[in-house]
2 protein chains.
Amino acid sequence: MVIPVNQLRARGYRLTPQRLAILRVLNQVGTHRTPQEVYNLALKEIPGITEATVYRTLSFLTAQGLVLEAHVGNGQLVYECAEQVHHHLVCRACQATSMVDYADLQGVFRDLEQKTGYLIDSRHVALLGLCPDCQDKTEHTTNGKGER
Amino acid sequence: MVIPVNQLRARGYRLTPQRLAILRVLNQVGTHRTPQEVYNLALKEIPGITEATVYRTLSFLTAQGLVLEAHVGNGQLVYECAEQVHHHLVCRACQATSMVDYADLQGVFRDLEQKTGYLIDSRHVALLGLCPDCQDKTEHTTNGKGER
DNA sequence: TTGCTTATTGCAAATAGTTGCAATAACGAG
DNA sequence: CTCGTTATTGCAACTATTTGCAATAAGCAA
């Protein structure tokens, strides 16, 4: 993937080593990254980078549309590259995530836009649920705390 | 709305004044509440209640399905009563929210469940976008920072 | 009603995330 | 290449959220 250098500069923003490093980190792997993970990985490239910068850069990149932000499960904020439109299924028991490129969802969004007049830009929705494995496991202990 | 006292007790949990107060707070108004707001309101009923308890109770009630949790906009965690299945459209410019009781979304979820085997229990999805008003406003200044 | 078990709370310390501000450095202009 | 403007960073203080642990009190049984 090509880092959209020009996009940033064209909009009057600056292309700093910190931003490049963070983009590179997010490009490395195709999965979600928490701010802490991003920080640790970026630290290898930019030894002096701070957590504050990572947090600020992540929301900046999100605002610029270069990065997608999602709340996975319990409330963990995660980030990943805004390469293509896709969604996630997250198992609330085992935290497994599957990526869903679900065209139909887009269709529904489009309908919704027509009905409400909203312009929906959620290209990254995380849906909570139970994966097949955990459905089996929790069939008997519905409590989540054991039965005592 | 009736607080489902029995549900909690039946599952072996206890019905404490703190939990009742928090449920009452969330029942008072039909809108989202941040943990801080819940804390402030609960404080009026239970003078000694702590923030830790509020946070713990909110996630407890969420886990029990009595309360819905959603990330609105920027990453604010908000809670509200789990009265019925519905979703939200949140304008990322003016923070306006509209409630959507959108049966079609449920249909899509059902399809997804069939394809993936997941059991989806997201009954509260917040979709980000631009409301009609803000679309007009931002037509000219797409930057969000002025143009300088 | 009294006592017992143990889920839940409050407290305080720990961790996560945000923000103000002065110093730094990107990058366009000359 | 050098300079000036100002976006961005680092630092440190601050706010938000989580967690361990001992004390408390729900709710069952007698």
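The analysis underlying the following values was restricted to heavy atoms, covering all of them including side chains, and did not include hydrogens, waters or symmetry mates. Every chain is numbered from 1 and lettered A, B, ... according to where its sequence line falls, protein lines coming before strand lines.
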Worksheet, complete the sentence: Whole-Å distance, B/L8 CG to C/dA7 C1', equals 12 Å

Discussion item. Taking the minimum atom-to-atom distance to the side chain of A/Y55, which one of D/dT8, C/dT18, C/dT5 wins?
Written reply: C/dT18

Worksheet item: Taking the side chain of B/P17 as heavy atoms from C-beta outward, which of D/dA26, D/dG10, D/dT8 is closest to it?
Response: D/dA26

Fill in: Nearest-nucleotide comparison on DNA chain D, the residue closer to the 5′ end among A/R19 and B/E51
A/R19

Worksheet item: Does OP1 or OP2 of D/dT9 have a side-chain N or O of A/T16 closer than 4.0 Å?
Response: yes

Worksheet, complete the sentence: Among C/dT8, C/dG10, C/dC27, the one nearest any side-chain atom of A/R9 is C/dC27

Discussion item. Heavy-atom nearest nucleotide on DNA chain D for B/Q36 versus B/R14: which residue maps closer to 5'?
Written reply: B/Q36

Response to the item:
A/L15 has its side chain closest, among C/dT18, D/dT9, C/dC27, to C/dC27

Worksheet item: Counting side-chain heavy atoms from C-beta on, which of C/dA7, D/dT9, C/dA12 comes nearest to A/Q18?
Response: D/dT9

Practice prompt. With rounding to the nearest 0.5 Å, note down the distance linking CZ in B/R19 to OH in B/Y13.
Written response: 8.5 Å

Discussion item. Output the rounded distance in Å from CG (B/L58) to P (D/dA16).
Written reply: 15 Å

Worksheet, complete the sentence: On a heavy-atom basis, the closest approach of A/I22 and A/A42 is CG1-CB, 4.3 Å

Worksheet entry | Candidate nucleotides C/dT8, C/dG10, C/dT18, ranked by approach to the side chain of B/R56 - the nearest | C/dG10

Worksheet item: Once you round it to whole Å, what is the distance between P of C/dA16 and OH of A/Y79?
Response: 15 Å

Worksheet item: Expressed in angstrom and rounded to an integer, what is the separation of A/E37 atom CD from C/dG17 atom P?
Response: 11 Å

Item to complete: Consider the side chain of B/Y13, meaning its heavy atoms from C-beta on, and name the nucleotide among D/dT8, C/dG10, C/dT8 that approaches it most closely.
Response: C/dT8

Item to complete: Send over the distance from A/I49 CD1 to C/dA25 P, rounded to a whole Å.
Response: 14 Å

